[in-house]
Each structure stands twice: as C-alpha cells, then as structure tokens.
Amino acid sequence: MHKKQMFMNRFTHHPRFTYLIAVVITILLGLASRKYSQMLPLFIAENAGDTIWAGMVYFGFRFLFVGRSRLTAIILSFLFSYTIEFSQTVSSSLG
C-alpha cells in the first residue's frame, strides 16, 4: 500500500472525519430546509432550522471533543444552544 493510500485510509476512518461529514451534511440540510420551506408542513418549516442547527452543534462538539463521552457533547450542546437562545431573547427585549 502506498503512503498516500495509507494516509487517506487513516484519515477517512478517523472519527473526526465522520463528524466533519455530519456537520457538512447538517449544514446542507439546514440550507435546504430554508430554501424549500414552502414545500414542508408549517410546523416542520417553522422548527426545522432550529432543530437542524442544534444537531450541527452536537456534531461540532463531537468533532472537537472526539475522545470524550457522548454525554459531554450533549451537555455542551445544550449549554451552548441555551446560551445562544437566552442571548437572543435578551437582545430582542432590549432593542
């Protein structure tokens, strides 16, 4: 096996690569949910973006902390998401 093949096999079988692909796919799904929202049921069209964004945050934390437990990524995702939502609520009530 050539060095380049060994590198690619090692890279593509690494968990970080899997989470990177998950982040990219999630971003594409989020963009599609905006572009084709008129084709979705109202409830899904209104909530898909936030739900997909939260999934992307989870995959991002899994990418960053690949050696940690899933629970760590879940807790960090919730804290990050709630912090963003709280800051948006505060900023909209002030302005």
Side-chain angles (χ1 to χ4, degrees):
M1 192 179 278
H2 298 289
K3 285 184 181 183
K4 186 176 181 181
Q5 282 179 314
M6 288 173 52
F7 172 77
M8 288 306 293
N9 281 344
R10 185 171 171 219
F11 179 71
T12 57
H13 288 92
H14 196 280
R16 282 187 198 258
F17 182 75
T18 303
Y19 291 117
L20 178 64
I21 295 299
V23 166
V24 170
I25 289 171
T26 307
I27 289 170
L28 293 173
L29 286 171
L31 293 171
S33 76
R34 295 241 181 211
K35 182 171 181 155
Y36 302 108
S37 62
Q38 71 280 1
M39 299 172 73
L40 298 171
L42 183 61
F43 178 79
I44 294 174
E46 289 177 347
N47 297 294
D50 289 337
T51 304
I52 293 169
W53 182 84
M56 188 208 55
V57 169
Y58 170 77
F59 291 134
F61 278 116
R62 288 296 290 165
F63 175 84
L64 292 173
F65 303 111
V66 72
R68 305 266 178 137
S69 70
R70 288 185 185 119
L71 183 60
T72 300
I74 291 169
I75 291 170
L76 290 172
S77 298
F78 273 115
L79 289 174
F80 184 80
S81 298
Y82 280 113
T83 301
I84 295 298
E85 289 298 323
F86 179 74
S87 70
Q88 289 176 350
T89 302
V90 169
S91 68
S92 68
S93 67
L94 294 176

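Please read all numbers here as calculations on a predicted model, not as lab measurements.
- By the rule that hydrophobic residues join a cluster once side-chain heavy atoms approach within less than 4.5 Å of another member, Ile84 and Leu64 end up as members of one cluster.
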Donor-acceptor pairs under 3.5 angstrom involving side-chain atoms of residues 70-83: please list them, not counting sequence neighbours.
from: Thr72; atom 1: OG1; to: Ser69; atom 2: OG; distance (Å): 3.1
from: Ser77; atom 1: OG; to: Ala73; atom 2: O; distance (Å): 2.6
from: Ser81; atom 1: OG; to: Ser77; atom 2: O; distance (Å): 2.9
from: Thr83; atom 1: OG1; to: Leu79; atom 2: O; distance (Å): 2.6

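- With sequence neighbours excluded, no residue forms a side-chain hydrogen bond (donor to acceptor under 3.5 Å, both in side chains) with Tyr58.
- For the residue pair Val23 and Met56, the shortest heavy atom distance occurs at CG1-CG, 4.0 Å.
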Show me the side-chain donor-acceptor pairs of residues 26-47 shorter than 3.5 Å, one per line, residues at least two apart or across chains.
from: Thr26; atom 1: OG1; to: Ala22; atom 2: O; distance (Å): 2.6
from: Ser33; atom 1: OG; to: Gly30; atom 2: O; distance (Å): 2.7
from: Ser37; atom 1: OG; to: Arg34; atom 2: O; distance (Å): 3.4
from: Asn47; atom 1: ND2; to: Phe43; atom 2: O; distance (Å): 2.8

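- Tyr19 pairs with exactly one of Phe59, Phe65, Phe61 by the side-chain contact (heavy atoms from CB on, under 4.5 Å) rule, that one being Phe59.
- Annotation for Arg68 and Arg62: closest pair O-NH1, 3.1 Å, computed over non-hydrogen atoms.
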